[in-house]
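Naming: A, B, ... by sequence-line order, numbering from 1 per chain.
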There are 2 protein chains.
Amino acid sequence: METDGRRGGRVTLATVADALGVSRATVSNAYNHPERLSAALRDRVLGTARELGYSGPHPLAATLSRGRVNALGLVYDDPMSFAFSDPAAVLFLQGVSEVCEHEDLALVLISGGPAGAVARVALVDAVICYCDVPIDGKLAAIVDRGLPFVVVDGPRLPNAGHVGIDDRRGAASAARHLLDLGHTRLGVLAMPLVDDGWEGTVDQDRQDRARYRASRERLIGYREAVEAAGHRWSAVPVEERLPYGRDAGRREAAALLARRPRPTALLAMSDELALGALAAAADAGLSVPGDLSIVGFDDVPAAADAHPALTTVRQPHREKGRRAAELLLRPHATADEHRLPVELVVRASTGPPPRR
Amino acid sequence: METDGRRGGRVTLATVADALGVSRATVSNAYNHPERLSAALRDRVLGTARELGYSGPHPLAATLSRGRVNALGLVYDDPMSFAFSDPAAVLFLQGVSEVCEHEDLALVLISGGPAGAVARVALVDAVICYCDVPIDGKLAAIVDRGLPFVVVDGPRLPNAGHVGIDDRRGAASAARHLLDLGHTRLGVLAMPLVDDGWEGTVDQDRQDRARYRASRERLIGYREAVEAAGHRWSAVPVEERLPYGRDAGRREAAALLARRPRPTALLAMSDELALGALAAAADAGLSVPGDLSIVGFDDVPAAADAHPALTTVRQPHREKGRRAAELLLRPHATADEHRLPVELVVRASTGPPPRR
DNA sequence: GGCACCTACTAAACCGGTTCAAAGGACGGG
DNA sequence: CCCGTCCTTTGAACCGGTTTAGTAGGTGCC
């Protein structure tokens, strides 16, 4: 028997094995299959390990043999830190982390270099792609590595699970709500549609080129409802500002409210944008919903707390996170596509248009 | 030369090496030290790899040799999913993730089993302990493994970095603000102090036994200010409710407001609790700050958006996250203790006590 | 007393790479 | 023509374990 014991001073499993004159397999078993050892030997092994300052098998090495790291990866298409300023993303993360917790998995947030440097080497068993599958390096890295993954809110991809909502229907219900109330002059607040740093009023071509499937679908939903009500979509101004967030919403709304005739209702593609619009309305001295109705999308917690409370389209963010994680854990226990329900939540930010 | 090529069908580095009749070292170099190979050979290696469907060195194996995983761990003492419902924690996470992004590191969220099952095997190079170092399994696992770590908001520990704020001074400034305004009947809204599921009015013994250093320090800060103003601390009721969050704040405040004489000002140990108190005031038909003043702690974004905007103690959550991460990346480039500034932000939720 | 069967433990292959010392060959200078 | 250098490439050790097939020794059964 010529194991190596302590090489370079590090205390490894072999060190312990040598100290006891047993094989490395035995020490390994003491940790991983205690029942395979006699109680006496097991205690001796564990005792000696403690004395030697050995804190158990190196997880990396164990993992290499076993082939599983017990971790779920999450990639996001903006820098990961942006996710933390988007309440919807935070809820989604919460859902994912609930499952990870329950399953004793680590949750690995992957961002880093645009070339997917981190994604290429991240130690994970599977990946949730909370993004619209931009064909940038991150996803490519995941696919190349052959890791199982699920796409959330993006397009369906071969060999990948899918979780999403019916964005089109949700958007349509928001628009229909306003139209039913009698509004005829609408405006739309959009998130960044194309990654070119552009700001302004969006024409149809740009709408069609929107990078995110969710953005495109929501626009189509609005459009279908507007046209179904007999109005021209081209008469509905769509504003886009950078960066994504409340301030962008405020500026978009300001631009729309400066138009004459002024819109009487705004469709925001997210609650963050809608909350910005609320601020813009206050800036302009308009009362909501007296002078202006506003509908959001997402139903984040702040929507209900807003003044007035925001009418919005609810989607189950946490549930999306949970489903995505579960889809990866039990690939075949369930359909690999999940379309979660959306629901219009009417609160206090919408009402009939002003008398005139 | 008798490498093994394709074993079990998996395409490994050896497969590629064999296909080309070169050594594994050469293939490895093609990926990790391209400059050491002639351009011709390098291209041949990479080309063959592509043909064979080899997507580059297995990160796990590479990592085992190198000893570095390029990932930072984060442990939290509640289930990780709770962190996502605490806006202060979310900001902290954002700070950490900014640094990770910049350094091309993955960020690993560690929760799972109370015994630290996940912490014991998580694949990380170092750990941020965003918690008060409860002596539960998670931290023990980290220490056993000999991983470098930094404690945030907790006690100073040997061989560990530290990031925090002056909780005591921050709390004292909040209390002093109210006392300066002329308030004499105060009440305190506390987060859960001891992990025993208890709810009610907290006596001094329980205050001293508070599990979290930050909780203890904030209480001491309040106390010092109160006593410095010549009042008795024992006359200030401290309420504790479960679980941590806005609803707990609402119920704590309701309890305090039911007292006779009624407190004219509330000190909330966090903004979440303060926002709950705002709701409780509305429930009770009290105007803020006319009938009741409220001071929070944290200055989360929602504090400024509240109605009325919340007076609170600002602490730099994101900066805490950044510092913690940087401390681990450059252990000696900087002092291993960081005490960040706090600052009272006076907004609209505080004013003089009602005339009578 | 002989044989099948357990139990407890071990040897050796394996996981999939990285790295370092050294070897082979080309090249330039004297 | 010989020698020292530089550039490529390689063999072999190493990272720190897990696992499988198999061996020694004891037990139960007839």
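Within residues 57-71 of chain B, the residues having any heavy atom closer than 4.0 Å to DNA chain C are, in order of number, B/Pro57, B/His58, B/Ala61, B/Ala62, B/Leu64, B/Ser65, B/Arg66. Of the residues in residues 25-36 of chain B, B/Ala25, B/Ser28, B/Asn32, B/His33 come within less than 4.0 Å of DNA chain C through at least one heavy atom, sorted by number.
Remark: A/Asp18 CG to A/Thr48 OG1 distance equals 12.0 Å, nearest 0.5 Å. Annotation: the span from A/Ser65 atom OG to B/Leu60 atom CG amounts to 9.0 Å, rounded to 0.5 Å. To the nearest 0.5 angstrom, B/Glu98 atom CD is 10.0 Å from A/Phe84 atom CZ. Going from atom OH of B/Tyr130 over to atom CG of B/Asp86 covers 6.0 Å, rounded to the nearest 0.5 Å. Once rounded to the nearest 0.5 Å, the distance linking OG of B/Ser85 with CG of A/Leu91 reads 9.0 Å.
Between the side chain of A/Glu101 and the backbone N or O of B/Ser81, at least one donor-acceptor pair lies under 3.5 Å. Side chain of A/Ser55 to main chain of B/Asp144: a donor-acceptor pair is present (N/O by atom type, distance under 3.5 Å, no hydrogens or angles).
Comparing the helix axis at one end of the helix from C/dG1-D/dC30 to C/dG30-D/dC1 with that at the other, each defined from 5 consecutive pairs, gives an inter-axis angle of 40° (nearest 10°).
Straight-line distance from the CZ atom of B/Arg145 to the P atom of D/dG17: 12 Å, rounded to whole Å. Regarding B/Leu123, its CG atom lies at a distance of 14 Å from the P atom of D/dG16, rounded to whole Å. Atom CG of B/Leu41 is separated from atom P of C/dG24 by 19 Å (rounded to the nearest Å). Between B/Leu20 atom CG and D/dT10 atom C1' there is a gap of 14 Å when expressed in whole angstrom units.
When each of B/Asn70, B/Leu123, B/Val69, B/Asp125 is checked for a side chain to side chain contact (heavy atoms under 4.5 Å, CB included) with B/Thr63, only B/Val69 meets the rule.
A side-chain donor-acceptor contact under 3.5 Å links B/His338 and B/Arg323.
In this structure, of D/dG17, C/dT18, C/dA11, it is D/dG17 that holds the atom nearest to the side chain of A/Arg24. Checking C/dT18, D/dG17, D/dG11 against every side-chain atom of A/Thr12, the shortest atom distance belongs to D/dG17. Listed nucleotides: C/dT18, D/dT9, C/dC9. Nearest to the side chain of B/Leu13: C/dT18.
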For this session: Test B/Asn32 against B/Arg66 for side chain to side chain donor-acceptor pair (under 3.5 Å), laying out the working first.
Result: CA-CA 12 Å; B/Asn32 301 308; B/Arg66 293 217 184 91; 3.0 Å; yes
Exercise. Would A/Phe82 and A/Tyr76 count as a ring-ring contact (aromatic ring centres under 6.0 Å, His included) if you check the C-alpha gap in whole Å, the side-chain angles of each, and the deciding distance to 0.1 Å?
Worked result: CA-CA 9 Å; A/Phe82 287 18; A/Tyr76 189 64; 8.0 Å; no
